[in-house]
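Structure record follows, encoded as structure tokens.
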There are 2 protein chains.
Amino acid sequence: MATIKEIAKKAGVSYSSVSRALNNQTGVRPEIRKKVLEIAQELNYHPHSSAKALVQNRIGVLGVVIPRTSEFAFQNPYYSHMLLGLSSVANDMGYHLMLVINQQQSYASLCHSHLVDGIIVLANRIDDPYIPELVRDNVPAVVVPGYPDGWEFDIPSVNSENYQDVYRAITYLINLGHRDIAFILGGMNSNYSLVRLEAYKAAFRDKGLEYKDKYIKESDFSKTDAFRLMGELLNLPDPPSAVISINDATTPGVLHQINSRGLRIPKDISVVAIGCSDLVDLTDPPLTTIKVPVTQVGRAAARVLIELIAKGECRERHVVIPSALVVRESTGVWPSR
Amino acid sequence: MATIKEIAKKAGVSYSSVSRALNNQTGVRPEIRKKVLEIAQELNYHPHSSAKALVQNRIGVLGVVIPRTSEFAFQNPYYSHMLLGLSSVANDMGYHLMLVINQQQSYASLCHSHLVDGIIVLANRIDDPYIPELVRDNVPAVVVPGYPDGWEFDIPSVNSENYQDVYRAITYLINLGHRDIAFILGGMNSNYSLVRLEAYKAAFRDKGLEYKDKYIKESDFSKTDAFRLMGELLNLPDPPSAVISINDATTPGVLHQINSRGLRIPKDISVVAIGCSDLVDLTDPPLTTIKVPVTQVGRAAARVLIELIAKGECRERHVVIPSALVVRESTGVWPSR
DNA sequence: TGACAAACTGCAAACGTTTGCGGTATCCAC
DNA sequence: GTGGATACCGCAAACGTTTGCAGTTTGTCA
């Protein structure tokens, strides 16, 4: 591999001039710059990123941490969309992405060893033991979706309008006449579950109604578990008239359970899906959906992290991306006749 | 951040000894080693990976390239499974993963700039302009799934038993009595499409039968396109009695089209799915599937690449992972009564 | 022509490691 | 007590860059 010195020798200048020419800095005669660039091209020169990193104390890589999670969870299109968003901003800003799945060591050490300049934790669990260390060591880091309000420490986060969307969706269902609304949640160590359940309860409360605990089910975010739980719900003597499903993994399980019993949507039961997948667009009937703008969340997360790395702080520590409830045909008035 | 020199000063030894102690090399007294390790712990020392990389000429990172592709394609669980496989082996072998999506520059430059030690290209297109450069520059690289036999250049690859599986599936359908078997393919710049179509044709040929071009459809690997093409097929005066769908993205489109017409599987039409998703396990009826062992392909790819980096060559340049046709309930004899 | 500023250029240090080599201490056997 | 082997230790170079500083050239204007 060609180095800067070889170029210098070949061009007959010092290698500081070569460096300046290559990084188009000021202070090098145009003809020399041109010559240097030509020779670099000819030798197929590529700057040694480690050497650069060593002196500049910046490697140009963002660490994307996907905490220890089960295989089926990682299959969620959530991650794909997120990675697309992250990667598009990173590309534009001159950063690369290091993907860290099921890391068994502290996230902070990635930064301490200068492997990455900063860290994004995706789908963080609120009991993740490695996140407090990030704030203690003051590592540039962003978590998605973050922590409940008033949490014991503060770390930059990006989220979508989780609370508002679920609140709107439940209010909408209540207005349609539904009272027995089931919620297929994920694990309660996910802020997604916590915030959305909070909104669910608030929507009932604000209408002067009471939700029923038996309709609230904690899944492990998997399709099979959602299938099972939806089965339990439908076996109740008074099954729910509507159900809201927390993500793209659980929704197919819910739908499959409903379909396999020959129930009709929305005549027999209304369904609201939460997710980022366009899978739901082709279901029959088209699903009323809380469309989570995951790619945009990813873009924002990358932007915040890059700002954090550059400036040591960021203007907005807790970004919320607007999202929307899209009403389609899987929800109807109740009772339905 | 603590450096090796600070540890040396604090321990009262030279920093070469510290280095040796930390990398548990020979040539340092046990009590000194112990002391050094304690101080390192206490100072929260982490070796500077760039400094290390500079002198060792090895950064410990594998580049995972996902060529320019559309958003919906990246959503395919194929990539998730692959990344899980890659990451598990990489973790075990002390490597990290750099994820490069939609890279607009040459893949080889990643290696030339010492950002990564080697490169894995996922779902390579046979007309990808950046891959020949990898072999020209002798960059450690593996492509998945690779190129057709007798291609103009040779590059290590990992694939599953694409050909055999499709051959078996088509033979199986023919034995059931099917003659009009549709194939929803992807783009013909993908070796997946090429090889599988080859197998499709061979299965007919070897039975002394002729396939019909009108039943072969090239999709763009998307669900919506598959939905459209399946529509065209079912609109034919002589629609197919069976269909095989090339991946996890196209299958839902195919199924949705069939269901929306009120056709019954397998009475009216038999369906064979190709893919890695367990999505199909919950469909009604359960799908006869060519289960592609994508995670294992990923694991093998990482292993081959690491061997390539270490030894400069690998024993097996073209690994094929065995897979299987899993017969479930979406395929039946024809005619069906 | 001279003075002064501006633009250019090169030297050398620095970034944090690893490692070959030569030197020193330790130990054991005779 | 001497010899030699062995284990340990530190010096200094090396990896490929960037960059502050000082020195040199060029240009401009009076």
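Because the structure is predicted, anything quoted here is derived from the model rather than measured. Sequence lines set the chain letters: A, B, ... in the order given, protein chains first and strands last, and positions in each chain run from 1.
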Exercise. Does B/Arg29 put a side-chain nitrogen or oxygen below 4.0 Å from OP1 or OP2 of D/dA7?
Worked result: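 Checking D/dA7 against B/Arg29, no side-chain N or O comes under 4.0 Å of OP1 or OP2.
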Its 5'-most and 3'-most nucleotides having an atom under 4.0 Å from a non-hydrogen atom of chain A, DNA chain C is contacted over C/dC8 to C/dG16
Hey, are the side chains of [X] and [Y] touching, using non-hydrogen atoms and a 4.5 Å cut-off?
X: B/Ser88; Y: B/Arg299; result: yes
X: B/Val100; Y: B/Ile66; result: no
X: A/Leu62; Y: A/Val116; result: no

Q: Verify the neighbour count for atom CG of A/Asp127: are there more than 12 heavy atoms of other residues, nucleotides or ligands below 6.0 Å?
A: yes
**Asked** Considering residues, nucleotides and ligands other than B/Gln41, do more than 12 of their heavy atoms fall under 6.0 Å from its CD?
**Response** no
**Report entry** Residues within residues 33-47 of chain A bordering DNA chain D, heavy-atom distance below 4.0 Å
**Finding:**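 A/Tyr45, A/His46, A/Pro47 - these, ordered by number, are the residues of the stretch whose heavy atoms sit under 4.0 Å from the strand.
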task: Show the numbers, then the answer: is there a side chain to side chain contact (heavy atoms under 4.5 Å, CB included) between A/Ile4 and A/Tyr45?
output: CA-CA 8 Å; A/Ile4 231 173; A/Tyr45 169 79; 3.9 Å; yes
Using a 4.0 Å heavy-atom cut-off across all strands, classify [X] as base, sugar-phosphate, or nothing.
X: A/Asn23; answer: sugar-phosphate
X: A/Glu6; answer: nothing
X: A/Ser19; answer: base

Separation of D/dT26 atom P from A/Glu31 atom CD, nearest Å, is 11 Å
Got a donor-acceptor contact below 3.5 angstrom from the [X] side chain to the [Y] backbone?
X: A/Glu307; Y: A/Arg315; result: yes
X: B/Asp128; Y: B/Tyr130; result: yes
X: A/Ser113; Y: A/Ser109; result: yes

Could you say whether B/Gly27 or B/Asn57 is positioned toward the 5' end of DNA chain D, judged by the nucleotide with the nearest heavy atom to each?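 Per heavy-atom nearest nucleotide, the more 5' residue is B/Gly27.
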Sorted by position of nearest nucleotide on DNA chain D, 5' first, the leading residue of B/Ser17 and A/Arg20 is B/Ser17
Hey, which sits more toward the 5' end of DNA chain C by its nearest nucleotide, A/Ser16 or A/Thr26?
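Between the two, 5'-proximity favours A/Thr26.
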* Map A/Pro30 and A/Tyr15 onto DNA chain C by nearest heavy atom, then report which one ends up closer to the 5' terminus. =>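 Whichever sits nearer the 5' end wins; that is A/Pro30.
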